[in-house]
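This report refers to the structure that appears directly beneath it.
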Amino acid sequence: MRDFGVISAQLLDWYDRHARSLPWRVPQGQADPYRVWLSEVMLQQTTVAAVKAYFERFTTLWPTVHDLAAAPDAQVMAEWAGLGYYARARNLLACARAVAAMGGFPDTRDGLAALPGIGPYTSAAIAAIAFGRAETVVDGNVERVVSRLFAVETPLPASKPELVRLATLLTPDRRPGDFAQAMMDLGATICTPRSPACGICPIIDECAARMQGIAADLPRKLPKKAKPQRVGTVWIGFGQDSILVETRPEKGLLGGTLAFPSTGWDGSDLPPPAAGDWQELGLVRHIFTHFALDLTVKTAQLTANPERGTLLPLREFSPSALPGLMRKAFALVRPETA
DNA sequence: AACTCGTGGTG
DNA sequence: TCACCAAGAGT
């Protein structure tokens, strides 16, 4: 039987010597649940580098969950713009309002998991990091570290329950939050997806995949489907000192974000949102998670009131409030704003 | 269970 | 260039 206590102790020792300094990271026992929650939601499927500026901006604008709960929807969506996965922003606000109404964050994993936007990973992370509970945190990093440590060759996602079971055996009763962050840091900096730096790994002597020479091949994953290619058109229309925009429906792609009127992106045709001499500016290529999009960008000075969308005064308009795709489209109209 | 949902960095 | 992927959740 492997000595799990030795492995977790070695990892914590490495973490104490090499922990990265991050805006949301504080010693175990001093964490603010609000900041832990905010950072963990922002970090869902998003890199540390991309999150940093958003985290600083949000905590400056809204230092407490009560401040965030009182913020207007449109302002939160505008501040989230560019970070992606916009359901997170809508759930973030719903969660903040629920927590404010409850008077504070629940301090158990189950209590946290009942809130919008907090799933298996995030509930465990907040419970462990902010409340010191011995919950097991399993993200993509932990999946990779554990699959190598124990040489689990079953492909994901079928191996997930086994990886969770093994990670649970590793999780110590003391400092579970630091342990979780140690596992994730190890995965992010040493036990990386390609070319893992086994030579400087603090637990190389315990790694079964390393012993078998298959570390870089794990975790195995089932092949992914090809991305379909889709096309569409977006219209960027101008009125008198104004620009034609719309808020997209709450559900679906880019839900709830500020955008320019467009066709659906399934090839179906749709008339322009307003009369005007529409000129084709060019093509924007954008890769989403499950499809690639070629978006034709058209612009015009409007000659009649729009049938879709609303005219926003230009002085109230900032491309920073747009999701990335729409920023790219706008950059064809005003390259100097890109 | 499989699909939807963004974006930027990397090799 | 392009496929991969990053501190996942909701349905």
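Below, read A as the first sequence line, B as the second, and so on, with proteins coming before strands; counting in each chain starts at 1. Computed over heavy atoms, backbone and side chain alike; hydrogens, waters and symmetry mates excluded.
One atom, NE2 of His290(A), and another, P of dC5(B), lie 4 Å apart when rounded to the nearest Å. Note: CG (Leu295(A)) to P (dG6(B)) measures 15 Å, nearest angstrom. Taking atom CG of residue Leu156(A) and atom P of nucleotide dA1(B), one finds them 14 Å apart after rounding to whole Å. Rounded to whole Å, atom C1' of dG8(C) lies 17 Å from atom OH of Tyr86(A). The distance between atom CZ of Phe288(A) and atom P of dG8(B), rounded to the nearest whole Å, is 11 Å. Between the CD atom of Gln45(A) and the P atom of dC3(B) there is a distance of 17 Å, given to the nearest Å. A straight line from CZ of Arg88(A) to C1' of dG8(C) spans 9 Å, rounded to a whole angstrom. Residue Tyr85(A) contributes atom OH, which lies 8 Å from atom P of dG6(B) at whole-angstrom precision.
Residues forming a salt bridge (Lys or Arg N to Asp or Glu O under 4.0 Å) with Arg285(A) (at least two apart in sequence, or on another chain): Asp294(A).
Side chain to side chain, Glu280(A) and Thr296(A) fail the donor-acceptor criterion of an N or O pair below 3.5 Å. Glu40(A) and Tyr121(A) share a side-chain donor-acceptor pair at under 3.5 Å. No donor-acceptor contact under 3.5 angstrom links the side chains of Arg88(A) and Gln44(A), judged on distance only.
Ring geometry for Tyr34(A) against Trp37(A) counts as tilted: the plane angle lies between 30° and 60°, on a 0 to 90° scale. Aromatic ring orientation, Phe291(A) versus Trp265(A): tilted (interplanar angle from 30° to 60°).
Using a 4.0 Å cut-off, no side-chain N or O of His286(A) falls inside it from OP1 or OP2 of dG6(B).
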Tabulate atom names and distances for all N/O pairs under 3.5 angstrom spanning the protein and nucleotides 1-5 of chain C.
{"from": "dC5(C)", "atom 1": "OP2", "to": "Lys224(A)", "atom 2": "NZ", "distance (Å)": "3.4"}

What protein N or O atoms touch nucleotides 9-11 of chain C N or O atoms at under 3.5 angstrom, if any, and at what distances?
{"from": "dA9(C)", "atom 1": "OP1", "to": "Gly119(A)", "atom 2": "N", "distance (Å)": "3.0"}
{"from": "dA9(C)", "atom 1": "OP1", "to": "Thr122(A)", "atom 2": "N", "distance (Å)": "2.9"}
{"from": "dA9(C)", "atom 1": "OP1", "to": "Thr122(A)", "atom 2": "OG1", "distance (Å)": "2.7"}
{"from": "dA9(C)", "atom 1": "OP2", "to": "Pro120(A)", "atom 2": "N", "distance (Å)": "3.4"}
{"from": "dA9(C)", "atom 1": "OP2", "to": "Tyr121(A)", "atom 2": "N", "distance (Å)": "3.2"}
{"from": "dG10(C)", "atom 1": "OP1", "to": "Gly117(A)", "atom 2": "N", "distance (Å)": "2.4"}

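Within residues 13-36 of chain A, the residues that have a heavy atom under 4.0 Å from DNA chain C are, in order of number, Arg20(A), Leu22(A), Trp24(A), Arg25(A).
For a distance-only test at 3.5 Å, the side chain of Thr47(A) fails to qualify as a donor-acceptor partner of the base of dG9(B). With hydrogens and angles ignored, no donor-acceptor pair closer than 3.5 Å exists between the side chain of Thr46(A) and the base of dG8(C).
Counting any heavy atom pair closer than 4.0 Å across all strands shown, Gly82(A) reaches sugar-phosphate atoms only and no base atom. Among the protein residues, Pro157(A) comes within range of no part of the nucleic acid, since none of its heavy atoms lies under 4.0 Å from any strand.
Under a hydrophobic-cluster definition in which Ile, Leu, Val, Met, Phe, Trp and Tyr are linked whenever side-chain heavy atoms come within less than 4.5 Å, directly or via other members, Val333(A) and Leu258(A) are assigned to the same cluster. Hydrophobic clustering of Ile, Leu, Val, Met, Phe, Trp and Tyr side chains at less than 4.5 Å, counting indirect connections, keeps Val41(A) apart from Val137(A).
Applying side chain to side chain contact (heavy atoms under 4.5 Å, CB included) to Arg57(A) and the options Thr60(A), Leu61(A), Thr59(A) leaves one that passes, Leu61(A).
Contacts classified as ring-ring contact (aromatic ring centres under 6.0 Å, His included) and involving residues 186-219 of chain A (residues at least two apart or in different chains) are not found. Screening residues 307-326 of chain A for ring-ring contact (aromatic ring centres under 6.0 Å, His included), with sequence neighbours left out, gives Phe317(A)-Phe330(A).
The local environment of CZ in Arg315(A) is sparse, with at most 12 non-hydrogen atoms from other residues, nucleotides or ligands closer than 6.0 Å.
Remark: the separation of the P atoms in dG8(B) and dA9(C) is 22 Å, to the nearest Å.
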